[in-house]
A.B. asks: 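Please see the structure below; I have some questions.
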Amino acid sequence: MLALFVWACVTGLAACSDQASPRPFQFEGAVMGTTYHVTVVAEQMDEPAIGARIASTLHNVDAAMTTYRDDSELMLLNAAPSNAWLSVSMPLYQVLQTSREVYGITGGAFDPTVGPLVRLWGFGPDEAVAKPDDEAIAAAKARIGFQYLEIDPERAYVRKLRDIELDLSAVAKGYAVDAVAAELDSYGFTRYLVEVGGEVRVRGDSPRGDAWRVAIEKPVLQQGEVQVALRLSGDAMATSGDYRNFRDFAGKRYSHEIDPVTGQPVQNKVVSVTVVAADCATADALATGLMAMGEEAAQALVLRDQLPVYMMLRNGDALDIWQSPAMTDYLESEVSQ
């Protein structure tokens, strides 16, 4: 969720364009603890109505999948007893199915049941005041394991085979992007960019008449420094990184990316991973899973499945870049480091 949307590529164009020709309509707001920006290129539209539909779609996804409200659909599932079949909404069902696919692809490195560990390490609603001890980590690990969630695709029912908890924060924003894209498709729009918290999906041409240009940030605390730009026309993109959301315990920095196997924050050379995919939920989940896998295992998976991936790696105080062959066609330009 650390990709930077290059907003300057569309701003200012509407004022100078012919009102009868396609022009960019822009919508923005706050949702899911972050911001969203949507640009739709069209000849005309009912801006208040479209803006309201975009906001409603995003807030509905948030209301269903947030862990910050006890009455959200996700939290009701978390509170349900084990072995009880529950009917879930189609959005939640789709996110769980995508999560299952990426869980399998990454060999369990992407695991949405790491919620107890996320909270334990202070990355949930409550900030940890001290580094968790081995006993607390073991207790939290006993409550994770996405393999203990059974999904019935015939009825869109799910049940927990163990008292696990789900945290969909690593896929929900990507799904929200896809949901807005589907809403725009239903209105017949064929040129747009949707961005939520840095996760992006585009369709058609940009206001300039060519591919949309989306940037990946440099892995620094100061926002807005561009590492590289990508060209996207009918794709989704998501980035996961460890350089902005972290905790310090006794002077040591711990990433918010939690390894479900060890129960510890991820400790490897990967600083950030950017994935291009057909849908944003998959890109979002894959970026998180690849971060947790570490550079060697992640690169082997990326090459095996021919995934478009851009990876930044620590090398002492320097930064190494690794990109898959499938990512080459998306690269717009390299920014000097």
A.B. asks: Output the distance between atom CG (L193) and atom CG (D205), rounded to the nearest 0.5 Å.
C.D. replies: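 CG of D205 is found 12.5 Å from CG of L193.
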
A.B. asks: Would you check, one step at a time, whether the test side chain to side chain contact (heavy atoms under 4.5 Å, CB included) holds for V41 with R23?
C.D. replies: CA-CA 5 Å; V41 182; R23 62 188 183 92; over 6 Å; no

A.B. asks: Does atom CG of D70 have more than 12 heavy-atom neighbours from other groups under 6.0 Å away?
C.D. replies: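 No, because the 6.0 Å sphere around CG of D70 holds 12 heavy atoms or fewer from other groups.
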
A.B. asks: Under the salt bridge (Lys or Arg N to Asp or Glu O under 4.0 Å) rule, what do K173 and E199 come out as? Steps first, then yes or no, please.
C.D. replies: CA-CA 7 Å; K173 288 186 181 69; E199 320 297 27; over 6 Å; no

A.B. asks: State, to 0.1 Å, how close V194 and A181 come at their nearest heavy-atom pair, and which atoms those are.
C.D. replies: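 Where V194 meets A181 most closely, the heavy atoms are CG2-N, 4.3 Å.
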
A.B. asks: May I ask you to test the V88-Y157 pair for a side-chain heavy-atom distance under 4.5 Å?
C.D. replies: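 No; the side chains remain at least 4.5 Å from each other.
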
A.B. asks: Strictly by modelled atom types, are S324 and Q306 linked by a side-chain donor-acceptor pair under 3.5 Å?
C.D. replies: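 No.
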
A.B. asks: Look only at the side chain of R53 and the backbone of E183, and say whether a donor-acceptor pair between them is shorter than 3.5 Å.
C.D. replies: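 No; zero donor-acceptor contacts below 3.5 Å.
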
A.B. asks: Return the minimal non-hydrogen interatomic distance between Q97 and I151, and the atom names on each side.
C.D. replies: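 Answer, listing the atom of Q97 first, then I151: OE1-CD1, 4.0 Å.
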
A.B. asks: Between T288 and D284, do the side chains contain an N or O donor and an N or O acceptor separated by less than 3.5 Å?
C.D. replies: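 D284 and T288 do not have a side-chain donor-acceptor pair below 3.5 Å.
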
A.B. asks: For a quick test of reading the model, state the closest non-hydrogen atom pair linking A109 to A292 and the distance between them.
C.D. replies: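 Heavy atoms only, the tightest pair is O-CB, 3.8 Å.
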
A.B. asks: With the side chain counted from C-beta on, respond yes when S21 and E43 share a heavy-atom pair under 4.5 Å apart, and no when they do not.
C.D. replies: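 S21 does not reach E43 side chain to side chain.
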
A.B. asks: Sub-3.5 Å donor-acceptor pair from the side chain of D178 to the main-chain atoms of C280, do we have one?
C.D. replies: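 A pair under 3.5 Å: yes.
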
A.B. asks: Quick one: does R69's side chain have a donor or acceptor within less than 3.5 Å of a partner on A64's backbone?
C.D. replies: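 No.
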
A.B. asks: Minimum heavy-atom separation for V171 to S99, with atom names?
C.D. replies: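 Scanning both residues completely, I find the closest heavy atoms to be CG1-OG, 3.9 Å.
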
A.B. asks: Applying salt bridge (Lys or Arg N to Asp or Glu O under 4.0 Å), run through R119 and E165 and close with a yes or a no.
C.D. replies: CA-CA 11 Å; R119 289 199 312 279; E165 293 184 26; 2.7 Å; yes

A.B. asks: For a quick check under 3.5 Å, do T57 and N60 share a side-chain donor-acceptor pair by atom type?
C.D. replies: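 No, because no side-chain N or O of T57 sits under 3.5 Å from a partner of the opposite role on N60.
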
A.B. asks: Check the pair L96 / L166 against side chain to side chain contact (heavy atoms under 4.5 Å, CB included), numbers first and verdict last.
C.D. replies: CA-CA 10 Å; L96 292 175; L166 291 153; 4.2 Å; yes

A.B. asks: How many angstroms lie between atom CG of L184 and atom CZ of R191, to the nearest 0.5 angstrom?
C.D. replies: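 If I round to the nearest 0.5 Å, the distance is 14.0 Å.
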
A.B. asks: For a 4.5 angstrom cut-off between non-hydrogen side-chain atoms, does M45 reach F189?
C.D. replies: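 In contact.
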
A.B. asks: Grab the two heavy atoms, one from L168 and one from P112, that are nearest each other, plus how far apart they are.
C.D. replies: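 Scanning both residues completely, I find the closest heavy atoms to be CD2-CB, 3.9 Å.
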
A.B. asks: Is there a donor-acceptor contact under 3.5 Å from the side chain of D305 to the main chain of L307?
C.D. replies: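 Judged by distance alone, no pair lies under 3.5 Å.
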
A.B. asks: Could you tell me whether a side-chain N or O of K160 sits under 3.5 Å from a main-chain N or O of N78, the two making a donor and an acceptor?
C.D. replies: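 Here the side-chain-to-backbone pair exists.
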
A.B. asks: Other residues, nucleotides and ligands only: do more than 12 of their heavy atoms fall within 6.0 Å of CG on D71?
C.D. replies: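 Yes, enclosed.
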
A.B. asks: Is there a donor-acceptor contact under 3.5 Å linking the side chains of Y36 and E28?
C.D. replies: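 There is no such pair between these side chains.
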
A.B. asks: Cationic tip of R155 within the cone over W85's six-membered ring, i.e. under 6.0 Å and within 45° of the normal?
C.D. replies: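 Yes - R155 lies over the ring of W85, closer than 6.0 Å to its centre and within 45° of its axis.
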
A.B. asks: Yes or no on side chain to side chain donor-acceptor pair (under 3.5 Å) for E101 and T282, after CA distance, side-chain angles and deciding distance?
C.D. replies: CA-CA 9 Å; E101 292 170 7; T282 297; 5.1 Å; no

A.B. asks: CE/M327 to OH/Y310 distance, rounded to the nearest 0.5 angstrom?
C.D. replies: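 OH of Y310 is found 9.0 Å from CE of M327.
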
A.B. asks: Roughly how far, to the nearest 0.5 Å, is CZ of F110 from CG of L290?
C.D. replies: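 Taking CG in L290 and CZ in F110, the distance rounds to 11.0 Å.
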
A.B. asks: Is there a side-chain contact between M312 and I216 in this structure, where contact means two heavy atoms from C-beta onward sitting under 4.5 Å apart?
C.D. replies: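 Sidechains of I216 and M312: in contact.
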
A.B. asks: Is the shortest heavy-atom distance from the side chain of E73 to the side chain of T66 under 4.5 Å?
C.D. replies: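 SC-SC contact between E73 and T66 ruled out.
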
A.B. asks: With L286 as reference, evaluate V276, I105, T98, V273 under the side-chain contact (heavy atoms from CB on, under 4.5 Å) test and give the passing residue.
C.D. replies: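 With L286 as partner, V276, I105, T98, V273 yield a single side-chain contact (heavy atoms from CB on, under 4.5 Å), made by I105.
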
A.B. asks: Measure the spacing between OG1 of T39 and CD of Q26 and express it to the nearest 0.5 Å.
C.D. replies: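 Separation between the atoms: 4.5 Å.
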
A.B. asks: Determine whether T67 and S169 make a side-chain contact, defined as any pair of heavy atoms from C-beta on separated by less than 4.5 Å.
C.D. replies: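 Sidechains of S169 and T67: no contact.
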
A.B. asks: Under 6.0 Å between ring centres, would you say that holds for F146 and Y103?
C.D. replies: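 Between F146 and Y103, the centre distance is under 6.0 Å.
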
A.B. asks: Evaluate the side-chain proximity of M311 to Q323: yes if any heavy-atom separation is below 4.5 Å, no if none is.
C.D. replies: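 No; the side chains remain at least 4.5 Å from each other.
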
A.B. asks: Run the salt bridge (Lys or Arg N to Asp or Glu O under 4.0 Å) test on D185 and R203 for me, step by step, so that the C-alpha distance in whole Å, both residues' side-chain angles and the decisive distance to 0.1 Å come before the verdict.
C.D. replies: CA-CA 9 Å; D185 288 342; R203 182 178 178 187; 2.8 Å; yes

A.B. asks: So, D133 side chain and A136 main chain: donor-acceptor pair closer than 3.5 Å or not?
C.D. replies: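 At least one qualifying donor-acceptor pair exists.
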
A.B. asks: Any heavy-atom pair between the side chains of I144 and I164 that's under 4.5 Å?
C.D. replies: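 Side-chain contact under 4.5 Å: no.
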
A.B. asks: Using distance alone, with no hydrogens and no angle criterion, decide if Y148 and D163 have a side-chain donor and acceptor under 3.5 Å apart.
C.D. replies: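 No.
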
A.B. asks: What closest approach, in Å, do V271 and R314 show between heavy atoms, and which atom pair accounts for it?
C.D. replies: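 Nearest pair, atom of V271 first, then R314: CG2-CG, 3.3 Å.
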
A.B. asks: Find the distance between CD (Q227) and CD (E217) and round it off to the nearest 0.5 Å.
C.D. replies: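 If we round to the nearest 0.5 Å, Q227:CD and E217:CD are 10.5 Å apart.
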
A.B. asks: When you measure from the side chain of K269 to the backbone of E295, do you find a donor-acceptor pair of N or O atoms at a distance under 3.5 Å?
C.D. replies: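 Answer holds: no.
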
